[in-house]
Protein chains: 2
Amino acid sequence: MSENSGSLLQLDSEHIQRAADILKTVAHPARLRIIDFLESGEQSVAQICKYLEAPQPFISHQLNLMKAKGILCSRREGNQVFYEVANRSVIEVIYCVRRHGHNNEACGAVSERE
Amino acid sequence: MSENSGSLLQLDSEHIQRAADILKTVAHPARLRIIDFLESGEQSVAQICKYLEAPQPFISHQLNLMKAKGILCSRREGNQVFYEVANRSVIEVIYCVRRHGHNNEACGAVSERE
DNA sequence: TCTATATATAGCGATAATGACATATAGTCA
DNA sequence: TGACTATATGTCATTATCGCTATATATAGA
């Protein structure tokens, strides 16, 4: 009855849309590096800026994007704001992609042409 | 010395870029559904079109995008072309995202506002 | 209150992704 | 060869994303 008959991942359209949304948000070099940096624990905006060597408004924007998607959460302490990864499973996603990269390097599966 | 000191995921800029690229390609409802559909094995373009109820040029475009990134691979048989997932780790990525979705549903971590 | 610091938001031009459509190519069979 | 089926490609308007700059807000301390 459902549109996903035959789907082993059991993704209905709602889950699909949500998954695409999360993935799209993570699929950005700066945001990946931020998540990577936060993997070891929370960091202030200033520390993240320093680590990525990027302007503060840019970082703030990326942080807010990820926070809006529930990927990060934040905590204010004085006039600093600390961000951390809200859900470890996002880290897992990146691990998977990294593993994918390695597998592909190994077998040279990147074929741009036929 | 490297730019990723402190990074536990050990992603250098090359890997970061590649990971972002893969994720960006996967981060699309139609492409997610295609991967989902192909999870159980190869399918022809026509079968994928039927499953997604989408026009053939649209599906072909999505398939070619994913093939170019090494996510899918294809095989011609007569005048049909069969596509399959080139690397199981992409499936893992989707599993992770799905798990992420579930975790977030459970704890209601999606906070659009402060 | 004023000032300094830390962070967030708004506006904008450039660029890229999306999806629809028309058309081209490849293979099969008569 | 020609007709037919299956798939791929090109064009294009719309929309979304990107990253920069200027500015706004929030907090702390004097």
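Please read all numbers here as calculations on a predicted model, not as lab measurements. Here is the naming used below: chain letters follow the sequence lines, and residue numbers restart at 1 for every chain.
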B:Tyr83 OH to B:Ile35 CD1 distance, which is reported to the nearest 0.5 Å
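These two atoms lie 13.5 Å from each other.
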Roughly, in whole Å, what's the span from CD in A:Gln80 to P in C:dA4?
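Going from A:Gln80 (CD) to C:dA4 (P), I get 19 Å.
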How close or far is atom C1' of C:dA17 from atom CE of B:Met66, stated in whole angstroms?
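From B:Met66 CE to C:dA17 C1': 15 Å.
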Taking protein heavy atoms under 4.0 Å as touching, what does nucleotides 19-30 of chain C look like 5' to 3' if B marks base contact, S marks sugar-phosphate-only contact and - marks none?
S-BB----SS--
Please name all residues satisfying side chain to side chain contact (heavy atoms under 4.5 Å, CB included) with B:Lys50, sequence neighbours left out, ordered by chain then number.
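Residues passing side chain to side chain contact (heavy atoms under 4.5 Å, CB included) with B:Lys50: none at all.
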For [X], enumerate each residue passing the side-chain hydrogen bond (donor to acceptor under 3.5 Å, both in side chains) test, keeping only those at least two apart in sequence or located in another chain.
X	value
A:Asp21	A:Lys69
A:Gln17	none
A:Gln47	A:Ser44

Boundaries of the chain A footprint along DNA chain D (any atom under 4.0 Å from a heavy atom)
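The contacted stretch runs from D:dT17 to D:dA28.
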Five-pair end axes of the helix from C:dT1-D:dA30 to C:dA30-D:dT1 and the angle they enclose, rounded to 10°
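Between the first-five-pair axis and the last-five-pair axis there is 20°.
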Side-chain contact test, heavy atoms from C-beta onward, threshold under 4.5 Å: evaluate it for B:Arg33 versus B:Tyr51 and give yes or no.
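Yes, side chains in contact.
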Hey, are the side chains of B:Glu84 and B:Leu38 touching, using non-hydrogen atoms and a 4.5 Å cut-off?
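In short, these two side chains do not touch, never coming nearer than 4.5 Å.
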Partner set under salt bridge (charged side-chain N to carboxylate O under 4.0 Å, His left out) for A:Glu77, not counting sequence neighbours
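Residues passing salt bridge (charged side-chain N to carboxylate O under 4.0 Å, His left out) with A:Glu77: A:Arg75.
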Of A:Val90, A:Ile71, A:Leu72, which meets side-chain contact (heavy atoms from CB on, under 4.5 Å) against A:Thr25?
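Only match with A:Thr25 under side-chain contact (heavy atoms from CB on, under 4.5 Å): A:Ile71.
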Checking all strands, does B:Tyr83 fall into the base, sugar-phosphate, or nothing category for heavy-atom contacts under 4.0 angstrom?
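Result for B:Tyr83 = sugar-phosphate.
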Can you give each donor-acceptor pair under 3.5 Å made by side-chain atoms of residues 54-62 of chain A, sequence neighbours left out, with the distance rounded to 0.1 Å?
| unit_1 | atom_1 | unit_2 | atom_2 | d |
| --- | --- | --- | --- | --- |
| A:Gln56 | NE2 | A:Ser60 | OG | 3.4 |
| A:Gln62 | OE1 | A:Arg31 | NH1 | 2.7 |

